[in-house]
Amino acid sequence: MTRLRLGVNIDHVATVRNARGEGYPDPVRAAEMALAAGADGITAHLREDRRHISDADIDALAVTCRRRGRPLNFECAVTPEMEAIALAHRPHAACLVPERREEVTTEGGLDVVKGHNGIAPVVRRLVDAGIRVSCFVDPDLAQVTAAKSVGAQVVELHTGAYCQAVRERKPQALTDALLDNLRKAAAEAHRLGLEVHAGHGIDYETVKPVAAIPELMELNIGHFLIGEAIFIGLGPAIQRMRALMEEARTNAGPALAQVNSR
Ligand code: PXP
């Protein structure tokens with residue numbers, strides 16, 4: 001059975017550090033702890049405004065992940081500056097995300113349909129440099145198809161709408177429909193030969209339905225885990241998340257077997 005990987009996003013360790021302009025808590029220490037606790041890789045988003053992760057963090061995280069032989073997933077906007085940083089570091093993966101300065105978090109997926117001509121050459125240069133490129137898109141079939149056509153090897157499905165609806169206790173019909181969008185987008189991405197990841201807003205409750213989607217290979221989870229770390233510690237929070245992911249995968253056994261045989 002394919003093991004679902006967990007990428008831990010440590011951005012918000014840097015958010016806490018930056019709130020006081022001190023050198024702690026250190027995102028690199030969090031990355032080390034996350035890897036020791038069972039994270040398969042580390043994800044960090046270098047935003048254009050450097051509101052959490054800094055350039056120096058990326059330098060240090062690249063060294064740490066390389067030393068530990070674990071993947072660094074560099075999240076970035078599609079800009080010349082970010083492309084140059086990605087090419088300088090050559091992380092295992094780069095996840096292309098949309099970015100608006102005024103947003104609190106990445107509010108929607110990258111519009112690959114609209115941005116196709118600008119995104120395709122960036123993807124090509126990153127792929128040529130040996131970086132595994134992912135497009136972070138809404139669970140929408142046209143976006144998935146566009147991600148394939150720009151040459152990305154991976155698509156990361158934005159789980160934010162589904163997770164938020166569950167958290168806000170929206171009607172079951174709505175949450176079912178949002179989960180169904182994720183399932184359909186994952187199936188289509190897999191059919192197109194893309195590796196399928198998912199992330200944004202996932203917590204202990206939503207991780208199970210998401211992890212049960214058989215085509216998924218990786219989840220990227222940050223904010224909830226860093227928040228939970230305040231109460232129970234980062235290691236135990238990651239271990240609990242991993243256990244829930246594995247429970248969901250075990251229950252999804254027959255569906256997974258079908259995907260693996262396709
Ligand atoms: N995946 C992507 C592409 C993201 O931009 C984010 C947020 O930075 C995440 C996953 C993790 O989301 P969260 O912090 O809500 O778990």
Side-chain angles (χ1 to χ4, degrees), residues 1-11 31 34-35 37-45 61 65 68-76 86 91-97 106 109-110 123 126-127 130-139 143-144 147-148 152-160 162-163 179 181-204 206-226 237-252 255-256 259-260 262:
M1 189 193 300
T2 321
R3 184 170 176 275
L4 182 61
R5 298 189 300 264
L6 171 63
V8 172
N9 179 318
I10 42 75
D11 291 350
L35 293 173
D40 297 287
I42 297 299
T43 293
H45 183 177
L61 288 166
C65 287
R68 300 280 308 254
R70 300 292 187 89
L72 173 64
N73 177 28
F74 176 67
E75 278 181 17
C76 64
H92 168 80
C95 179
L96 304 179
V97 302
T106 313
L110 186 65
V123 172
L126 295 175
V127 169
I131 302 168
R132 207 163 160 73
V133 178
S134 156
C135 288
F136 184 48
V137 298
D138 288 329
Q143 294 295 346
V144 168
K148 174 72 184 177
Q153 299 116 315
V154 181
V155 75
E156 179 161 330
L157 301 175
H158 197 310
T159 50
Y162 167 67
C163 294
L179 185 60
N181 290 345
L182 288 163
R183 289 196 186 111
K184 286 184 177 138
E188 179 62 5
H190 183 264
R191 194 187 68 77
L192 293 171
L194 291 161
E195 184 172 309
V196 197
H197 300 177
H200 208 281
I202 294 174
D203 61 16
Y204 290 149
T206 45
V207 72
K208 286 180 75 175
V210 172
I213 297 173
E215 293 85 0
L216 289 180
M217 297 285 288
E218 179 174 307
L219 299 184
N220 283 300
I221 309 180
H223 188 246
F224 179 81
L225 284 174
I226 303 306
I238 289 169
Q239 281 153 4
R240 177 147 179 225
M241 192 63 86
R242 272 233 67 96
L244 292 168
M245 285 164 62
E246 261 139 46
E247 219 177 290
R249 287 308 250 200
T250 305
N251 295 340
L256 272 181
V259 166
N260 291 337
R262 265 187 230 156

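Owing to the predicted nature of the structure, the values given are computational and were not obtained by experimental measurement. Numbers here simply count residues along the sequence, with the first being 1. Values reported hereafter were calculated over all heavy atoms of this structure, with side chains retained and with hydrogens, waters and symmetry mates removed.
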Candidate pair L96 and L126, rule side chain to side chain contact (heavy atoms under 4.5 Å, CB included), full reasoning: CA-CA 11 Å; L96 304 179; L126 295 175; 4.1 Å; yes

Spacing of CG belonging to L219 relative to CG belonging to L244, to within rounding of 0.5 Å: 11.0 Å

Nearest-0.5 Å distance, NE2 of residue H223 to SG of residue C163: 13.0 Å

L72 and H92: CA distance, side-chain angles, deciding distance, side chain to side chain contact (heavy atoms under 4.5 Å, CB included) verdict: CA-CA 6 Å; L72 173 64; H92 168 80; 5.5 Å; no

side-chain contact (heavy atoms from CB on, under 4.5 Å) partner of I213, the single match among H190, K184, R183: R183

Flag side-chain contact, heavy atom, 4.5 Å: I10 against L61: yes

Between N73 and T43: side-chain donor-acceptor atoms closer than 3.5 Å: yes

Nearest non-hydrogen partners of A39 and V8, listed with the distance: CB-CG2, 3.6 Å

Heavy-atom side-chain contact between N9 and E75 under 4.5 Å: yes

Salt bridge (charged side-chain N to carboxylate O under 4.0 Å, His left out) partner of D40, chosen from R5, R3, R70: R3

Side-chain (R240) to main-chain (Y204) donor-acceptor, under 3.5 angstrom: no

Interatomic distance, K148 atom NZ to Q153 atom CD [nearest 0.5 angstrom]: 9.0 Å

Heavy-atom pair with the smallest gap, counting every atom of Q143 and L110: OE1-O, 3.4 Å

For K208 against A248, the heavy-atom pair lying closest together: O-CB, 3.4 Å

Donor-acceptor contact below 3.5 Å, side chain R191 vs main chain A186: no

Check: D11 side chain, H45 main-chain N or O, donor-acceptor pair, under 3.5 Å: yes

Intermediate values then yes/no, side chain to side chain contact (heavy atoms under 4.5 Å, CB included), V154 and L194: CA-CA 5 Å; V154 181; L194 291 161; over 6 Å; no

Side chain proximity check, P209 to Y162, heavy atoms < 4.5 angstrom: yes

Spacing of CG belonging to L6 relative to CE belonging to M241, to within rounding of 0.5 Å: 7.5 Å

Check: R249 side chain, A211 main-chain N or O, donor-acceptor pair, under 3.5 Å: yes

Distance in Å, L182 CG paired with T206 OG1, rounded so as to fall on 0.5 Å steps: 10.5 Å

Nearest non-hydrogen partners of T159 and A198, listed with the distance: CG2-CB, 3.8 Å

Separation of C95 SG from I131 CD1 (nearest 0.5 Å): 12.5 Å

Note: E246-R242 ion pair, threshold 4.0 Å (strictly below): yes

